[in-house]
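One structure below.
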There are 2 protein chains.
Amino acid sequence: MMTIGKLSDTAGVKVPTIRYYEEIGLMPEPERTEGNQRRYVRAHLDRLNFIRHARDLGFSVEAIRDLLSLQATPDAPCHDADRIAADNLADVRAKIARLKKLEAELEHIVSECAGGRAGECNVLATLADHALCVTNHGHAHNPLDNVSN
Amino acid sequence: MMTIGKLSDTAGVKVPTIRYYEEIGLMPEPERTEGNQRRYVRAHLDRLNFIRHARDLGFSVEAIRDLLSLQATPDAPCHDADRIAADNLADVRAKIARLKKLEAELEHIVSECAGGRAGECNVLATLADHALCVTNHGHAHNPLDNVSN
DNA sequence: TCCTGAACCTCTAGTCCTTGGAGATTTAGG
DNA sequence: CCTAAATCTCCAAGGACTAGAGGTTCAGGA
């Protein structure tokens, strides 16, 4: 029997986040004391650890929802979990590829900067003119959605 | 003199986004027609291209604000712009490093999956127990903030 | 000149995943 | 029994957009 604060410390997930997970149905509603405070048991900690770990690995909340329901049915075939993980891996790789292009671009920009006045600054010049770029880092219309996380 | 739609198409920035940039002060308020529609000139396009390019490169709106004010004062020393870009580069590198750890972890998880039942699934087992991880991909308390670009 | 339909306007609210605060209540320890 | 810490609920913010409703303006053609 532990309080939400103890659960929070143990799992490394902030208190409001735990309540949020409950609200969106990732965490089950725990027992309450007479005074309406949440009391958790070991199973809650395991589940929260699972969630945090999956979030650390970049899984979306929706993916985690799927993984949790798979976990709940141990006799179900495992390829669904495998596919979710593989999708996530592909996602992570795409993000790495994109960030590497940005890295190259930024390296170029920064290294060229001679430390003069803003009027001749390479950083500013490059940002003002895409044609000065060394790589094609994309003219994506939703550039960052792909990279966040 | 171009409409917001033309500006949007030319710069590759969605119309509501342009209005949003105006609202937060990244873009200046343009002239209006008698009927209250925005009309842009070349300078607006240049500025919007600058902004989009910087966003593509992962700069935050706040960083862009700084860069734009530097651009407006060509005689100012350039090291501020350089520092902003260098900070951003460090940021991108940190994200890459983090994502590579995730990649390694996910590769491990996925490759180990024998395609059996969920009860023995490696994906699920690893998520349930951090100790099974091959790398220390961090117990960060704000795991994804560091990675979203 | 009028009409039509596309593009524009403002305003509000939603996205995602938390995080923080206000103000009230409960709990555990001394 | 008292107090301080922790908890409760509810609401709002963050970043950077995105989407919709409901209404107006523009440009081209008949």
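Per chain, numbering begins at 1; letters A, B, ... match sequence-line order.
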Among dT7(D), dT18(D), dC8(C), the one nearest any side-chain atom of Thr3(A) is dT7(D)

Need one value for Arg38(B): base, sugar-phosphate or nothing, where a base atom within 4.0 Å counts as base even if backbone is also close, heavy atoms only. sugar-phosphate

Separation between CG (Asn36(A)) and CD (Glu34(A)), nearest 0.5 Å, reads 11.0 Å

Met1(B) atom CE is separated from dA27(D) atom P, nearest whole Å, by 12 Å

The nucleotide from dC17(D), dT19(C), dC26(D) with an atom nearest the side chain of Thr33(B) is dC26(D)

Between Ser60(A) and Gly5(B), whichever has its closest DNA chain C nucleotide further toward 5' is Gly5(B)

Rounded to whole Å, CD1 of Ile18(A) lies from C1' of dC8(D) at a distance of 14 Å

Rounded to whole Å, CD of Glu34(A) lies from C1' of dC8(D) at a distance of 16 Å

When rounded to whole Å, the CZ to C1' distance for the pair Arg39(A) and dT7(D) reads 8 Å

Here the distance between atom P of dG23(D) and atom CD of Gln37(B), to the nearest Å, is 18 Å

Looking only at dA16(D), dT18(C), dC8(C), the nucleotide nearest the Thr17(A) side chain is dT18(C)

The residue among Ile18(B), Val13(B), Thr17(B), Thr3(B) that forms side-chain contact (heavy atoms from CB on, under 4.5 Å) with Ser8(B) is Ile18(B)

| query | Is a donor on one side and an acceptor on the other found under 3.5 Å between the side chain of Arg19(B) and the backbone of Glu23(B)? | reply | no

- Query: Between the main-chain N or O of Met27(B) and the side-chain N or O of Arg47(B), is there a donor-acceptor pair closer than 3.5 Å?
  - Reply: no

Whole-Å distance, Arg32(B) CZ to dT24(D) C1', equals 13 Å

Side-chain contact check for Arg55(A): nearest option of dC17(C), dC8(C), dC17(D) is dC17(C)

Separation of dT15(C) atom P from Ile24(A) atom CD1, nearest Å, is 12 Å

Glu22(B) atom CD is separated from dC8(C) atom P, nearest whole Å, by 14 Å

Check your understanding: Do other residues, nucleotides or ligands put more than 12 heavy atoms under 6.0 Å from the CZ atom of Arg42(B)?
Key -> no

Whichever of Asn36(A) and Tyr21(A) has the more 5' nearest nucleotide on DNA chain C, that residue is Tyr21(A)

